[in-house]
Amino acid sequence: MLDYSVLFPVNTTARSAVSLDGMWKFSFDKEGKGCSENWMNGLPASVQMPVPASFSDVFTDHESRDYCGDFWYEKEFFLHDCGDRRVELRFGSVTHRCTVFVNGKEICFHEGGFLPVVCDITDAVKKNAVNKVVVKANNELSEATLPCGSVKELMSGRKLAAPYFDFFNYSGIQRSVYLVTKPQENISDYDTCFELKGADADVHYQVYTNGVHDVHAVLKDREGNTVAESAGAKGTLHVENAHLWKVRNAYLYTLVLEIRDGETVIDRYESPLGIRTIRIEGTKILVNDEPVYLKGFGKHEDFEVIGRAFNYGVAKRDYECMKWINANCFRTSHYPYADEWYQLADEEGFLIIDEIPAVGMMRSTRNFVKAGTGGFTHFFETDTVPELLKNHKLQVEEMIARDKNHPSVFSFSLFNEPETTSKEAHDYFKAVFDAARPLDPQKRPLTGAFEKNSQPELCQVYPLCDFMCLNRYYGWYISGGPEIEDAELKFRDEMNRWAAKDLNVPFVFTEFGTDTMDTLHKLPSIMWSQEYQDEYYERNFSVFDSYDFIQGELTWNFADFQTTEGIFRVNGNKKGVFTRNRQPKSSAFVLKKRWENK
Ligand code: BDP
């Protein structure tokens, strides 16, 4: 178990959470001299930087936008006298790694750019006084860290990120920061799982604390009425006539957890709770024992100016677009998103495939073309693998710890498009899956998204998955444009070979799509035109509808998004069904119509 709490900060009678979002001081550290010059005590020269935001797109020059290396943030905050309470900082994430200092004192180091950084700063802060937090961050990529990539050095010595993945290496403090105070004896974590009993439901819970006092659990309905109560750190809340959390029809209770000493409440944590079960039976995905066909998208956290930062306005618009188009699911490709995405999905009744940033596990982004035509793209034979595996397992642990209580999360995806055809790949992922299985109290299905090189006869990794997720581009990377009729035949051929394996598990398409310019129309269609995207989808749907083990379609991508520059991309990846500013392309209407009745 993690030695820190990833529970989302809340304000209750026993806890306070104050946002530190706003303008922070910011400085690049090109020469890596910040530590030797004691920047942890305060940045000598700085600019103002919004938090949360990626730093890249707020600048107007190339060097700043494409900066790769160390960079620093600083913020002063006032801490009221909070007695002997525990004081913590919680960053939703810092990309890709950071060291946190408070009043010059080093507090913690965190690796991985898409999960919370939580640190106990009790011994470093002054009460009733101004305190200073300084963050040293770094956004370099390597083959030992997630996501995978490398650093390229220009002749001038300037460093550039070389991602092995197809999204811009946005970095910075991209999610909200909270100053948290809570009792020394506190609730650090809790688990829930559900059992449906006719019209009733049992909510089994377990609460983790760092003390000896009793735990008390109360479940309240939407109106605030208590519907069940239980004493003890482990127990069951029996709910009569339970309102279930249903797909696109969510009902949320509130779980109130307390540590009590007689009548005195020592700690109190509150969180929404949705009662639902998830099960895979044969080729069906069952939510509350009812089959669900997944309709929706692979997404990105990506928007103009703010880059990968969480923003409620953008998130709200995305959910409105997904509701309008009749979607019910998305995958957090290719990294765990900000907590708030899951909170909104819980409210709106969306299902989430929650993905770890295990992306780029082929030697270069371009290798997917080679792999797609049968080439072998070594990855798991190198000496960086032990370190990579250690980071992979740790991030899986952090992701499951953070997201396990969200009703929206119905599955964890442990990779995207790695090399899977070698014994080394199998052994690597076996270790990841073995580490992940015991971590989820709800035993949700585990999966990963497979690239075209993961063919039924070659892939060594698919037996580890509880259901299959395929990323397939028949009609785009394979037999695109004038050859599209071949694409359909080749697609059917592959699906027939999967069918022959008789795996008896659901198959979900987690990627399929075409780059499409919102300005380009052409009759008859050509690649990149809107008409082509529409036709491509129709052909893919006719294949999907021919196999009853296909239980979902998440197109690539919800919206156009930024990538690294290059000859493959015109100001980013244009496979969005919506433009980057969230307006529909014509295929949005094709999907809306299909998903209305699916
Ligand atoms: C897949 C990747 C995804 C890319 C997509 C594409 O999983 O990140 O953006 O292809 O090429 O290989 O558009």
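Because the structure is predicted, anything quoted here is derived from the model rather than measured. Position 1 is the first residue of the sequence; numbering continues from there. Ligands are counted one by one from 1 in listed order, and the atoms in each one are counted from 1 as well.
- With sequence neighbours excluded, the residues that form a side chain to side chain donor-acceptor pair (under 3.5 Å) with R437 are D466.
- Ligand-side atoms of ligand 1 in range of N416: 7 (O), range being under 4.0 angstrom from any heavy atom.
- Put simply, part of Y477 is less than 4.0 Å from ligand 1, judged by heavy atoms.
- Within the 3.5 Å criterion, the main-chain N or O of S542 finds a donor-acceptor partner in the side chain of S546.
- Judged by the shortest distance from any of its heavy atoms, F165 lies outside the 4.0 Å radius around the atoms of ligand 1.
- Heavy atoms of F167 found under 4.0 angstrom from ligand 1: none, in either backbone or side chain.
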Could you tabulate the donor-acceptor pairs under 3.5 Å formed by side-chain atoms of residues 343-350, not counting sequence neighbours?
unit_1 : atom_1 : unit_2 : atom_2 : d
D346   : OD1    : S408   : N      : 3.1
D346   : OD1    : S408   : OG     : 2.6
D346   : OD2    : H406   : ND1    : 2.6
E348   : OE1    : K323   : NZ     : 3.1
E348   : OE2    : K323   : NZ     : 3.1

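- Ring planes of Y532 and W476: tilted class, angle from 30 to 60°.
- Geometrically, K598 engages Y293 in a cation-pi contact, judged by NZ or CZ lying under 6.0 Å from the ring centre and within 45° of the ring axis.
- Ligand 1 is approached by F561 to a heavy-atom distance shorter than 4.0 Å.
- Note that R594 lies in the cation-pi zone of F541, set by a 6.0 Å cut-off to the ring centre and a 45° limit from the axis.
- With ligand atoms numbered from 1 in the order given, ligand 1 contributes 5 (C), 6 (C), 10 (O) to contacts under 4.0 Å with heavy atoms of Y473.
- The main-chain N or O of G513 is found under 3.5 Å from a side-chain atom of Y536 such that the two form a donor-acceptor pair.
- By the criterion of a heavy-atom distance under 4.0 Å, neither the backbone nor the side chain of E451 is placed next to ligand 1.
- Close approach of ligand 1 to H334 is summarised as follows: ligand atoms under 4.0 Å from at least one heavy atom of the residue are 3 (C), 7 (O), 8 (O).
- The closest approach between R569 and ligand 1 falls below 4.0 Å for a heavy atom of the residue.
- For ligand 1, the atoms sitting less than 4.0 Å from at least one non-hydrogen atom of N573 are 6 (C), 9 (O), 13 (O), numbered in the order shown with element in parentheses.
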